[in-house]
Amino acid sequence: MNGGSAKRRGGVPPSNPSKRFQPGNKNPQPQPQQQPPRDGVAAEDEMMDEDVFLEDTLYEADEEALLLLRDEALSSRLCKWRRPALSPSYLSGSESIVFQQLEIDYVIGESHKELLPSLSGPSAILRVFGVTREGHSVCCHVHGFEPYFYISCPVGMGPDDISRFHQTLEGRMRESNRNNNVPRFVKRIELMQKKSIMYYQKNQSQSFLKIVVALPTMVASCRGILERGITIEGLGSKSFITYESNILFALRFMIDCNIVGGNWIEVPAGKYRKVTKSMSYCQLELDCLYSELISHAPEGEYSKMAPFRILSFDIECAGRKGLFPEPTHDPVIQIANLVTLQGDDHPLIRNVMTLKSCAPIVGVDVMSFDTEREVLIAWRDLIREVDPDIIIGYNICKFDLPYLIERAEALKIAEFPILGRIRNSRVRVRDTTFSSRQYGMRESKEVTVEGRVQFDLLQVMQRDYKLSSYSLNSVSAHFLGEQKEDVHHSIISDLQNGNSETRRRLAVYCLKDAYLPQRLLDKLMFIYNYVEMARVTGVPLSFLLSRGQSIKVLSQLLRKAKQRNLVIPNIKGQVSGQETFEGATVLEAKTGFYEKPIATLDFASLYPSIMMAYNLCYCTLVTAEDARRLNLPAESVNKTPSGEVFVKSELQKGILPEILEELLAARKRAKADLKEAKDPFEKAVLDGRQLALKISANSVYGFTGATIGQLPCLEISSSVTSYGRQMIEHTKKLVEEKFTVSGGYDHNAEIVYGDTDSVMVQFGVPTVEAAMKLGREASEYITGTFIKPIRLEFEKVYFPYLLISKKRYAGLYWTKPDTFDKMDTKGIETVRRDNCLLVKNLVNECLHKILIDRDVPGAVQYVKNTISDLLMNRMDLSLLVITKGLTKTGDDYSVKAAHVELAERMRKRDAATAPNVGDRVPYVIIKAAKGAKAYEKSEDPIYVLENNIPIDPQYYLENQISKPLLRIFEPILKNASKELLHGSHTRSVSISTPTNSGIMKFAKKQLSCLGCKAVISNAEQTLCSHCKGREAEIYCKTVANVSELEMLFGRLWTQCQECQGSLHQDVLCTSRDCPIFYRRKKAQKDMAEAKVHLDRWSF
Amino acid sequence: MVVDLEMGEGSPKLFERKQAVYRTLDDRYEIHGEKYKGQQYSHIYFTRLHYMRNLLYSLISKWKPHVPVNTVLGLEEGKECIIVGTIYKHMKLKPSILDEYSKERSKVPLVKPHNFVHPDDHLILEDESGRVKLAGSLLDPSAFVTGIVVALHGHETSEGDFFVQDLLEAGLPPQIERPLSSGEDRYVVFVSGLNIGSNTFNPLQFQLLVDHITGYLGDETEQSIASQIVRLIIAGNSVQIQQGLLNGQTVAPRDQSTLTEPIKELDILLNQLAAAMPVDMMPGPNDPANFSLPQQPLNKCLFPGASAYNTFFSCTNPHQFELDDIQFLGTSGQNVHDLFKYSEANNKLEFMERTLRWRHLVPTAPNTLGCYPFTDRDPFLIESCPHVYFAGNQDKYETTLVPGPEKQLVRLICIPKFCETGIAVMLNLRNLECHALGFSTCLDA
């Protein structure tokens, strides 16, 4: 957090040479304010402002770079990259500036003399970065907004007391911030009438003190003083609960100005001043007062997107053999860039910067340089001239960006890391850990590039999708349906050290890596979805990736609370962790294979609707004490099944229900608009919006239940789940009471299973159509018994339905009576990472046979054949590969793990190709000595192929396929285990002979008869005398084998040519994620062997 | 060779079977010493491009001497030039082995279409330096396939595509002049697709053919014609072996005979034929031979009877030979079948003609048709124009004469599947005239 992070800028305001600030470089303690460590603060959404001081050296040294444009190639290149020129009306300042903002931060600088003549001294200046409709970049300095928070006013405090209090507080602040010389720490204290959001209160409002401080970081320091307790003359020592004291300054500003993430802001003509001395690289740079900003709600014309510039890039480094590239040693050899305007199909700029010459590439601007320094500087120039608003890539946050910066540091290129939009401001790198309940703990690096949003597709993928592998290759195979050529990093140096053609090869590869993130971004519409999410929840775009869920709910809560004159207390830190509450119920699953249609009744947005229906909120909760004291009439409160009391909406409408209503209403509108929309862009925006709304609505419940969150309230969350349980039970009861033979129906309905928000009913009717009719009837009937807006919906029928256990089932999914939509599975091994492909294929195929073909014997036969193939060593090896990520080195693992041990062994064999930390290690389980530990039995698949090492079929049978198979078959077959895993098909076993084992070195190879394996002495012969008569038959078999392999060989290798996009160049790809990689290798080897076999027949 | 005819009573007239001088040119298709050592397919494209480019360069100097020749990389926007490279056809419907791994199993099993052409297909030209997408309406993608080498005249558009204004194909290769005919009729018979062992095979029908060409049938005129047959070419797919018996598992003793039965039957018939005349036996896709082109000769151990004769020749596929200095070239049909799958033409002869103009016997190998990964040569390049060019296993009998600009003249023959049509093809060496020889066992025919 300190020293190491490139440079903390403390600085002297230009007008004030008296050095009231300690410049950072002379200050041994780089952080202006050391905050006392707070105990029990959750890592999630830990929010801390960080004051960054403006530096006067900012204005120098920069122009010199522009004077160096003697090089014509460079200057022509730079102007190709530039943004469109400003129109005269912009230049003269006569036009209102309307722009879509993407990033907001602040710096500490001297108050603006003209805009704020009454103020002096340092203050926080917000910087809003964005793009106009014409594609001009804007940097708007917003002045006059002050950091503040609230405390509740002690009873009986008069104006004199307040001013005394002010003085005391000022004194305490000065004590704890000795090295900070601001004229005033606490600017003013105002008395206000507000209400706390917590608990139902009868009286309208009470007194609060709004404490306005000089700089944003002082909020935290002041809060600390007040929370620990302060002695006030006349009132004695007192500690305070603070309100809204943990809100980031930029977010506070957005809330107070009604700005939501990614919306359009207008600064009317005449209300802004153009800066006298530009501090940024933006085309339009202006100063204005915060009160003059007009924030446009994202509707109509203002729902559109500005043409922001998106830069997608990828770097290649030449690592040393066997080591992962390190910035202190290994050069950056290529950087590929792709700049696209938001909304365009084709990139605006495609180029690659290479170290040493590189042959040209069609449609790509290839720039070759002799030194690494030039490469890096060229990239910096690109960033500066192109001025991207969003920087994307794959794993750029953790690898590419830090690498570039650390490399420049190692090469002592001081002018490199000026990549942000602020002149001469260096990019800072620091390590962060991000942890969240939902996403788990993740180590990352934070690179601050001022004014530009970083959008790392890897992070997005890890957040939004559950995948078996997150390599760019497998992600693009999954979403774009194409395999990516993967060049192993040990080859990269060889390609670089070759000639301009081999470097070109590398450049093509590098370009593809820059291109794929852009394609993913387009295909999955991340820009639309994330901007919409930012707009709906009101947080800046960058928060969505770097922070958890709760900040989004908090942002909405704060906005809403502000409207209602409520304040939110800062009460976190109840990390007992023990306070858990009963979760959702699951009705017992009656396992089995149902060959009658099963109707599924779902609660639509169950938890949000419960909160709305029962008016559950912080401000409607009545404490046990208050309940006695207030003596509320029974008809105006709800007592929840978990025993809490909430007032009904007549007395006090809850904020959370209101937020939810708005979210759901907005979602409904968005969905309706989506149906109407014709324009594909508009559709994309609307779809992104409705999705964002849905996710936001669902995260409200989680926010109240997050014990280490911002404002946990277990009374609410436990009430929600208790209502949920009650409703599921209620539904079950009603269905089983109403749909009975005695009730006039043909069959008795039976609930076979129920989960959090759905109930599966077997009505007993034989057809899907009849089940649908009854399902609809049941949903309407039961919905009628609930309070609005809780609704039980009928959506689908499963037929047939295989219920394995709770949370595990499979079935055909019908929404219309004539055909099924798809095969739906839950909780069944289809995507789990640690399973080999064989399991997935086997399970899929069996389910397909059972559910779609309705052929149970066929499925059984298929399983038997597969098991037999496995035992007879006829299995495609790629199906048996298990992959695990190597996250740390062997010594750091406390338990020995198969993949770690293997990585260690591979390193001993050949350090160059062994997997490194961060790589995924593929392995197969091989046959080893009796009693060998499981972790000793792992082996590299390539090594297995090359040396004919026998795999351990028993391991695969017992540890991989048996459990998932039995799960499926147990509800169907009587003796599933016996029948499938121990039948006659398991009797014959074939094991290949390894070619590398010790004993084989002593073995003498002898020719054997191809027919019966009898040893033959004469090398000329192919068959023994006994088999001579079967010559034709045996030959046919040999040649058939060759023929099959040839076919496979051709198909596999031409496919790889196709992927790499070239016919005339050798395939280099070593992507172990590719399903055909091992098959291709194996085909090559088998082919050579079979050919030798066949040649024995030559006459 | 004397055909010994003892046709009933009366003085039997003796016909002496005519002969022709035979020279095999199959050595270029033999892959004896070669081994799979990790080589890939890039080499074969490379040698193909290298050979064809030299050839096209020499033609360009006559075609458009003033237009500069460039490489794909050297293209400059708007500048007219000629580029030479290998065509790559991007096909939407082309099946991929990766589909086997796709997560979603389709509800209906994939129906295997016979043709993968789609209106969205587009062409790309590639040389060692790079690729460029071809634009303009001059080239109809459905008439081209991956693997052919052409010269294109055009310019790069602002989108980075190459707008094609004109096309130059290598055209028919030069032909060795056909020797002056001796004036007498001599015939070569072609037959393919016997499929012995399949349910469509009719033993009687084939026996009729055998008896006819060996001279055991018909009157003296017919016998005299039979004696003018100098050679029989069997162009692939002679037997059909039950699949499933060859899946690597041990064959039960009772199945061993079903496996080899068709081969034994073929051997008996070949025995009769080889006793009467020279027979060239080419392997086809269904025969017990390797799969990749060039297919190597069927092993003689399969035909213990016929291989005792020195008139029995087991050849490669493709098969190239000379009969009295007349050049023959042909395949068992895989090249035409594959073109039919990946491109379109009015008839099969058109495909054959295209391969001549492209100077490549099997342009789609290795891309969609299996082929041995040669490293130093591309044996399928057609360096000199044959006089007779045939393809076996076609649906119907078709033939035509194709003239070339340099007085070349090629007889193209589609040999139909005998088991389905009962047709063999007779070619007269004297004038390259061709006719079908039909056999029917239906009584009312």
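Residue numbering restarts at 1 for every chain, and letters A, B, ... go by the order of the sequence lines. Keep in mind the model is a prediction, meaning the values are calculated, not measured.
Under the 4.5 Å side-chain criterion, counting only non-hydrogen atoms from C-beta, A:H1064 is not in contact with B:D127. Counting heavy atoms from C-beta outward, A:V1039 and B:L298 have side chains that stay 4.5 Å or more apart. In this structure, B:S292 and A:V1042 have side chains that are not in contact, with every pair of non-hydrogen atoms separated by 4.5 Å or more. Counting only heavy atoms from C-beta outward, the side chains of A:E1058 and B:N367 approach each other to under 4.5 Å. Between A:F1049 and B:F291 the shortest side-chain heavy-atom distance does not fall below 4.5 Å. Looking only at side-chain heavy atoms (C-beta outward), A:E1046 and B:Y372 stay at 4.5 Å or farther from each other. Looking at B:S42 and A:L1063, their side chains never come closer than 4.5 Å, going by heavy atoms from C-beta outward.
Contact of B:Q295 with chain A is not made at all, since no heavy-atom distance falls under 4.5 Å. Contacts between B:T146 and chain A at a heavy-atom distance below 4.5 Å involve the side chain alone, from C-beta outward. Neither the backbone nor the side chain of B:H90 has a heavy atom closer than 4.5 Å to any heavy atom of chain A. The part of B:P373 that comes within reach of chain A is its side chain, from C-beta onward, which places non-hydrogen atoms under 4.5 angstrom from that chain. Contacts between B:I124 and chain A at a heavy-atom distance below 4.5 Å are absent for every atom of the residue.
With respect to chain B, the highest number of heavy-atom pairs below 4.5 Å among A:S1062, A:A1088, A:C1056 belongs to A:S1062.
Counted within 6.0 Å of CZ on B:F46, heavy atoms from surrounding residues, nucleotides or ligands total 12 or fewer; the atom is thus considered open.
Between the CG atom in B:N299 and the SG atom in A:C1036 there is a gap of 9.5 Å [rounded to 0.5 Å].
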